[in-house]
Amino acid sequence: MSTSATTDQGATRFASIDEVRERLADTGYLASDAIATTTFLADALGKPLLVEGPAGVGKTELAKAVAAATGARLIRLQCYEGVDEARALYEWNHAKQLLRITAEREAADGWDALRDNIFSDEFLLPRPLLQAIRSDEPVVLLVDELDKADVEIEGLLLEILGDFQVTVPELGTLTARHRPFVVLTSNATRELSEALRRRCLFLHIDYPSAELEQRIVTLRAPGLDDALTASVVRLVQRLRELRLRKAPSVAETVDWARTLVALGASRDADLSPELVRDNLGVLLKHQDDIERATVALDLPAN
Ligand SMILES: Nc1ncnc2c1ncn2[C@@H]1O[C@H](COP(=O)(O)OP(=O)(O)OP(=O)(O)O)[C@@H](O)[C@H]1O
Ligand SMILES: [Mg+2]
């Protein structure tokens, strides 16, 4: 553990935007120009990357892909309502401390020695933020779905993301050896604070262009011919234009393409209106959305 203030700020992971794109693609993540550019800058400037956008557009996957592409360990803090410092940063192992107290209360050294002993590294339970700071290896820190956490956690993040150090009163100040690549994701169910936004580079990921989505499908669900891949993407993009409760995301496009492969449909000619109708549940997850789509796409009744 490093207690000096010597975070390695110098080393960058990517030499160019093209390199970001290529190395992410090697891991199976196809980045748009905006994604590749912002990822490159976040690394070059040493700033956290705040990624917002609808469900299933590749926010979480981007962090995983950066970790895979750079050979870094992925440490994930999954946020939820009520996540607190003890879950995010560290807590003391009270059960183990009690056992030690019980075992040693008769010892001659007295309470002071015992207290120093039970507030030492051995009794510390590091949670994701502290794990990222203390890691000896390079780390990608993913703070996933930050909008689900209470606003207090942002204060904690501000402190830590500023200089990548944290003070544990009993142990002193712990400083990261390597600057983690930090990705924060949000579905924007609540506004994140201005203070946090200011410290980050902001990336909005929207549904991909048809061209990019076709490449994603080809990569993730091989087995369809180009014409069928194009039809699949066209249909999904058309559904996104309808006013649905839950528009299909990239994840659903990939699932749908895999469904077609599983059903033995690989050529465009195989895509009948009946096949679309019978498998709409892969793309749409609400009955009223399915009904709306059935009308809009003029699909035959069951
Ligand atoms: N650019 C991309 N390249 C390759 N695959 C992608 C890309 N974008 C999305 N995907 C696919 O979509 C899936 C869903 O992505 P991911 O889980 O990252 O979504 P998300 O934006 O984090 O959604 P949520 O807000 O629901 O957490 C991935 O597992 C992957 O298969
Ligand atoms: Mg996600």
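Read the numbers this way: they start at 1 and go in the same order the structure lists the ligands and their atoms.
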Considering only protein heavy atoms, which is closest to [atom], and at what distance to one decimal place?
| atom | result |
| --- | --- |
| atom 28 (C) of ligand 1 | E61 OE1, 3.7 Å |
| atom 5 (N) of ligand 1 | R220 NE, 3.4 Å |
| atom 27 (O) of ligand 1 | E145 OE2, 3.2 Å |
| atom 22 (O) of ligand 1 | T60 OG1, 2.8 Å |
| atom 11 (C) of ligand 1 | V250 CG1, 4.0 Å |
| atom 7 (C) of ligand 1 | I216 CD1, 3.8 Å |
| atom 13 (C) of ligand 1 | A251 CB, 3.7 Å |
| atom 4 (C) of ligand 1 | G28 O, 3.2 Å |

Around E81, counting heavy atoms of other residues, nucleotides and ligands shown, do more than 12 lie under 6.0 Å from its CD? no
**Message:** Does atom CD (E170) have a neighbourhood of more than 12 heavy atoms from anything else shown, all under 6.0 Å?
**Reply:** yes
For N187, the atoms of ligand 1 under 4.0 Å from one of its heavy atoms are 25 (O)
Using the rule given for side-chain contact (heavy atoms from CB on, under 4.5 Å), can you reason through F119 versus Q97, listing the C-alpha separation, both sets of side-chain angles and the distance that settles it, and then say yes or no? CA-CA 8 Å; F119 287 105; Q97 286 177 320; 3.4 Å; yes
I'd like to check whether V57 has a polar contact with ligand 1, where a contact means an N/O of the residue lying under 3.5 Å from an N/O of the ligand.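 Looking only at distances, the answer is yes, because the N/O contact criterion of under 3.5 Å is met.
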Query raised in the report: N/O of L30 under 3.5 Å from N/O of ligand 1, yes or no?
Result: yes
Can a side-chain donor-acceptor contact be found between [Y] and [X] if the only test is distance below 3.5 angstrom?
| X | Y | value |
| --- | --- | --- |
| E252 | S249 | yes |
| D43 | T12 | no |
| E213 | T253 | yes |
| E241 | Q237 | no |

Nearest-option assignment for [atom], heavy atoms, candidates [options]:
| atom | options | value |
| --- | --- | --- |
| atom 20 (P) of ligand 1 | G56, A65, A31 | G56 |
| atom 16 (P) of ligand 1 | P54, S32, S249, G58 | G58 |
| atom 21 (O) of ligand 1 | K59, R215, K64 | K59 |

Nearer than 2.8 Å to the Mg ion (ligand 2), the protein contributes N, O or S atoms numbering 1
Begin from the C-alpha positions of S193 and E154 and carry the test side chain to side chain donor-acceptor pair (under 3.5 Å) through to its verdict. CA-CA 8 Å; S193 73; E154 289 182 33; 2.8 Å; yes
Below 30° counts as parallel, above 60° as perpendicular, anything between as tilted: where do the rings of Y90 and W92 land?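 Perpendicular: the ring planes of Y90 and W92 meet at over 60°.
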Give every donor-acceptor pair under 3.5 Å between a side-chain atom in residues 122-131 and any protein atom, sequence neighbours left out.
unit_1	atom_1	unit_2	atom_2	d
E122	OE2	R100	NH2	3.0
R127	NE	A86	O	3.4
R127	NE	E91	OE2	3.2
R127	NH2	E91	OE2	2.4
Q131	NE2	P126	O	2.9

Practice prompt. Check whether any side-chain N or O of R220 sits under 3.5 Å from a backbone N or O of G28 as a donor-acceptor pair, and report yes or no.
Written response: yes
Exercise. Which residues satisfy the side chain to side chain contact (heavy atoms under 4.5 Å, CB included) test with T229, sequence neighbours excluded?
Worked result: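 With sequence neighbours excluded, T229 shows a side chain to side chain contact (heavy atoms under 4.5 Å, CB included) to Q214, V217, T218, L224, given in chain and number order.
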_Suppose we screen for side chain to side chain contact (heavy atoms under 4.5 Å, CB included). Which residues come up paired with Q78, at least two apart in sequence or across chains?_
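With sequence neighbours excluded, Q78 shows a side chain to side chain contact (heavy atoms under 4.5 Å, CB included) to R76, D144, E145, given in chain and number order.
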